[in-house]
Amino acid sequence: MRQILVTSALPYANGPIHLGHLVEYLQTDIWVRFQKLYGNRCIYICADDTHGTAITIRAQHEGRSEEELIAQVSQEHLADFGGFGIAFDHYGSTNSEETRQYCHEIWQALRDADMVAERDIEQLYDVEKQSFLADRFVRGTCPKCGAKNQPGDNCGSCGETYSPSDLIDPVSALSGTTPEIRSAKHLFVEIEKLHGFLDEWTQSGTLPSESANYLKGFFLNQALRDWDISRPGPYFGFEIPDSPGNYWYVWFDAPIGYIGTSKQWCDLHGENFDDWWRNPESEIHHFIGKDIQYFHTLFWPAMLKTAGFTLPTKVHIHGFLTVDGAKMSKSTGTFVRASKYLEHLDPAFLRYYYASKLNSKVEDIDLNLEEFVARVNSDLVGKVVNLASRSAKFVAESGLSATYPDDGGLFEKFAAEGGAIAASYEAGDFSKAMRAILDLADLSNPYVETNAPWELRKDPEKAQQLQDVCTVALNLFRQLAIYLSPVLPDLAEKAGALLNDPITSWEQAKTPLVGTPVAKFQHMLQRVDPKKVEAMIEESREEAPDTQVVAEVSGTAAVDDSDQPLKDEPIAPEITIDDFAKLDLRVARVITANEVPEARKLVQLTLSLGGDERRNVFAGIKAAYEPEALVGRLVVMVANLAPRTMKFGVSEGMVIASGPGGDDIYLLSPDDGAQPGQRVR
RNA sequence: GGGCCUGUAGCUCAGCGGUUAGAGCAGGGGACUCAUAAUCCCUUGGUCGCGAGUUCGAAUCUCGCCGGGCCUACCA
C-alpha cells in the first residue's frame, strides 16, 4: 500500500473561489478519491495563503485587521470547496504556529548551508503609509514611451520593463502620495548553489515533460539568480528571527504551509510527522497551475533538499480555464464564482465535465457551455443513470437474483477494463478514463434493449428471467458507478443505497453483487437545464460593473458598483482647471478601421474631425473590437497629443477608453447629437 | 524576436509507422415505449492545415510554410 500526501496550491485569502480555481481543486480531489478508493493511504492537505501586502491593503480598506479578513475568507473558501464535494483531510492556514515553526527550521537549514546573502536594495517607500511598495503598488509614467499610469514593473503600452524607481511621477497606490526612494536590507537565497541538484531533479520524471523542458531552456541554462525572500516591515507575515524588522516574502512561507498544515493534521490524528515528510517511502504529490511552476519546481525542492525533507514525487501541472474559448471575463459573465455556480447548478455536472476534459498535459481547458449541457445530459443522465432508472423498479420487490446469471460476458469485460481505467486515473488522464467508462456504458443499454424487461414482466412465468436481466443491468450500472465514484461521489453513494451495498473499494467492480434487496428508485441526477446555465452567466455579468447599465440608472438610485477599479488605480494627484485645459479632447468619427496584422494589440484608425480634417491613430483595442464594427461610430480622441512614430506608422492622437486592458476595453462614445470636431470639456 | 504546445468529420476528441481513418454528440431515416422528450438500430459526413522529404508503406517520423494558443523579451 502506497502512502501518499497530496496538496493543491494554496488559494490566496484575498478573493473568492471561481470556476478557474476549481479546475485544480476538482482535479486533485478526483485523484485523491481515486487513491483512497483504490486502497492506498492518501491524505489531502490544503490551506489558505494569507500573507503579503495585498492582504494588508484589503484589510485596511475594509477597516479591520488582517486576522479578521483571513478568518472570514477562509470560511468562504471552505464553504465553496465543501459545496463542490472537495474533501480535504485538513485545511489550514499559512498564518499558523506550525507553519511558522517550519519556516524557522528551513530558514536555519539555509543559514547552516551558507545559502543566505544580504544586500541593500533601493525601493520606493510610501511615507504616509510607512510602507515599502511592491512593484504593482506603484504607478507612474513610463520612462520610455511616456504612457501615463503604468505599473511599477513594465509598461502596458510599449512593453518596456524597468524598476519602479525609473518611473516618472510615481504615485503610491496605497495613499496616492508621491513615494520616495529608500534603501533597505534584503535577504537572498543563493539557489545557484543547488544548480546541479535542480538540473537532475527537474529532469527526473517528476514534472510533465513540457515543464521540464521549459525550466531547462529558460532558467537552468544559466546561473540561477538569488531569490529575494525578505520584505521590510510592516508586512503581514512572519518576522525573520535573525533579522528583526524583516519578514519572509509570502512565496517563502506559502509552500511551507503544506508542511505546517500536514503537521496540524498529524497532531489531530496521532500521526508521526516524520513518517510523512521525512520518509523516502512517502510520496508527496503537488497539484499546481502552470503560472506558479517557478516556485514549486526550483525554490521549493531546493528548500526541501537543504532542510532534509521528502522531495516531491510528482508535481502535476495544469493549464488555465477558458470559457467558450475565451479568457474568463467579468463583462461577459464568464467569470463565475463557485458560490454563484452552486446557486444554480449541481456540482456533479462540473466535476464530470472537467474530468472529461482533463489530461496529464500542461494544457488549457475550455468550458464550452453548450457542450457542458449536452455532455452531462447525454453521458450521465441518458446513458449511466438511465441504466438504473429503467431496470431498478422491476426488481424492487424481488431484489437481485441469488446467483449471477449469464450475461454473455459483459460483467467480465467491465471488470477487465478496471485496470486500464485505474491506470488512466493514476496518470491524471481523466479524459481517457471517462472515455473508457462511457464506452462501457454504451454497451449496457443495448443489453437492456435486447432483453426487454418490460416485455418479460407481462408474463408471470418469466419472473426469473426478468429478475436476471435486471440483476445484470444493475450490476453493470454498479460497475460504472464504482469507476465514476472519484468523480461523482454522490452518484456512488446513491448507487450503494439503491442496491443496499455501499461502494467503498475499487475491487468491488470485480465481483457481481447478488441477493441484495433493491430500494425504490429515486432520481440520482437531474438533467442540466440550459436556462440555469444562462441565468448563472447572466447574474455573473450583472455583478460586474458595467457603464451601460449604470448610465440607465436614473437619479441617485442605489448602484452596487464594485470598488475594485478604484482600488486598482487610485485617483491621480489634483490638477487645476488650467492643467485640464491643456488637454484637447474632440469628438471624432471612425472613417476606416484596419487590422494591423503584425501587431498584437493595435488597430489602425482613420478619424474624421469634420470637414477634411483626418487623423491616423493606432489604438490598442484589437482584443476588444472588430475593426469593421468601429467604422462609422463616434469616439472621443485626444487631438493635441504629440504625434508618435510607431513600428507601423505615425499615430496622431489617441482614442480614449476605460478598462484594465486585454479584451476588457471600453471606448467612450458621446451621446446622440454630438458632431465630429466638437471639443469635449 | 525567442521557447513550448497545437491544427483529424458541424462540435469535443481518440488514433501517433502497417489492412478501406475511428468514437461520442449534433444531422438524416427507422424502431421501441421500461426509463429524467431518456433508449435502440441504420445512416450522411473527413484530399487527417498546406508543401516537400525519409520509407515497401505516413494522419502517424523529418524539414519548411500557414493558422490557433500559452509563456517570455535580460525577468519572477
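In what follows, every chain begins at residue 1, and chains take the letters A, B, ... in the order their sequences are listed.
As judged by a 4.0 angstrom heavy-atom cut-off over every strand, A:K357 is placed among residues touching the sugar-phosphate backbone only. Counting any heavy atom pair closer than 4.0 Å across all strands shown, A:W227 reaches sugar-phosphate atoms only and no base atom.
For the ring-ring contact (aromatic ring centres under 6.0 Å, His included) condition, no pair includes a residue of residues 445-472 of chain A, sequence neighbours left out. Within the structure, salt bridge (Lys or Arg N to Asp or Glu O under 4.0 Å) contacts touching residues 385-400 of chain A (residues at least two apart or in different chains) are A:R390-A:E449. Counting only residues at least two apart or on different chains, the side-chain hydrogen bond (donor to acceptor under 3.5 Å, both in side chains) pairs with a member in residues 210-221 of chain A are A:S211-A:Q293. The ring-ring contact (aromatic ring centres under 6.0 Å, His included) analysis of residues 361-386 of chain A, with sequence neighbours excluded, yields the pairs A:Y353-A:F372.
Between A:H318 atom NE2 and B:C70 atom C1' the separation is 14 Å, expressed in whole Å. When rounded to the nearest whole Å, the span between CD1 of A:I292 and P of B:A76 equals 18 Å. At whole-Å resolution of the value, CZ in A:R375 and C1' in B:A23 are 11 Å apart. When the P atom of B:G24 is taken as reference, atom CZ of A:R435 falls 13 Å away, rounded to whole Å. Straight-line distance from the CG atom of A:D379 to the C1' atom of B:A23: 11 Å, rounded to whole Å. One atom, CZ of A:F218, and another, C1' of B:G2, lie 8 Å apart when rounded to the nearest Å. Rounded to an integer number of Å, the gap from CD1 of A:I317 to C1' of B:C5 is 14 Å. The CG-P distance, from A:L215 to B:U72, rounds to 13 Å in whole Å.
Every residue two or more places apart in sequence or in another chain that forms a side-chain contact (heavy atoms from CB on, under 4.5 Å) with A:N14 is listed here: A:Y12, A:A54, A:I55, A:R58. In this structure A:K290 satisfies the salt bridge (charged side-chain N to carboxylate O under 4.0 Å, His left out) test together with A:D364, sequence neighbours excluded. Listed by chain and number, the residues in a side-chain contact (heavy atoms from CB on, under 4.5 Å) with A:Q27 are A:F287, A:H318, A:L358, A:F430 (sequence neighbours excluded). For the side-chain contact (heavy atoms from CB on, under 4.5 Å) test, residues two or more places apart in sequence or in another chain that qualify with A:P453 are A:F394, A:V448, A:L466, A:V469, A:C470. With sequence neighbours excluded, the residues forming a side-chain contact (heavy atoms from CB on, under 4.5 Å) with A:Q464 are A:S401, A:Q467, A:D468, listed by chain and number.
Side-chain atoms of A:T322 and A:D366 form a donor-acceptor pair, as typed in the model, at a separation below 3.5 Å. Side-chain atoms of A:T297 and A:T202 include no donor-acceptor pair closer than 3.5 Å.
Using a 4.0 Å cutoff on non-hydrogen atoms, the parts of residues 358-374 of chain A near RNA chain B are A:D364, A:E371, ordered by number.
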Contact string for nucleotides 31-42 of chain B, one letter per nucleotide 5' to 3', B = base within protein heavy-atom range under 4.0 Å, S = sugar-phosphate only, - = neither, reads --SBBB-SBSS-

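Nucleotides B:G46 and B:C50 have their P atoms positioned 14 Å apart, rounded to a whole Å. Nucleotides B:C48 and B:U8 are separated by 11 Å at their P atoms, to the nearest Å. For B:G2 and B:G64, the P atoms lie 12 Å apart once the distance is rounded to whole Å. Annotation: B:C34 and B:G45 have their C1' atoms spaced 33 Å apart (nearest Å). Distance noted for atom P between B:G53 and B:C71: 38 Å (whole Å). Nucleotides B:U62 and B:C4 have their P atoms positioned 13 Å apart, rounded to a whole Å. Only the C1' atoms considered, B:U54 is 23 Å distant from B:G7, to the nearest whole Å. Remark: the separation of the P atoms in B:A23 and B:C40 is 15 Å, to the nearest Å.
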Per-residue pairing states of RNA chain B in dot-bracket (Watson-Crick or G-U under 3.5 Å; . unpaired, | other strand) read ((((((((.[[[[.)..(...]]]].(((((.......))))).....[[[[[..)....]]]]])))))))....

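Cation-pi geometry between A:R231 and A:Y247 is not met at under 6.0 angstrom from the ring centre and within 45 degrees of the axis.
If A:S431 and A:E210 are placed on RNA chain B by their nearest nucleotide, the residue sitting closer to the 5' end is A:E210.
Ion pairing between A:D226 and A:R119 holds under the 4.0 Å rule for side-chain N and carboxylate O.
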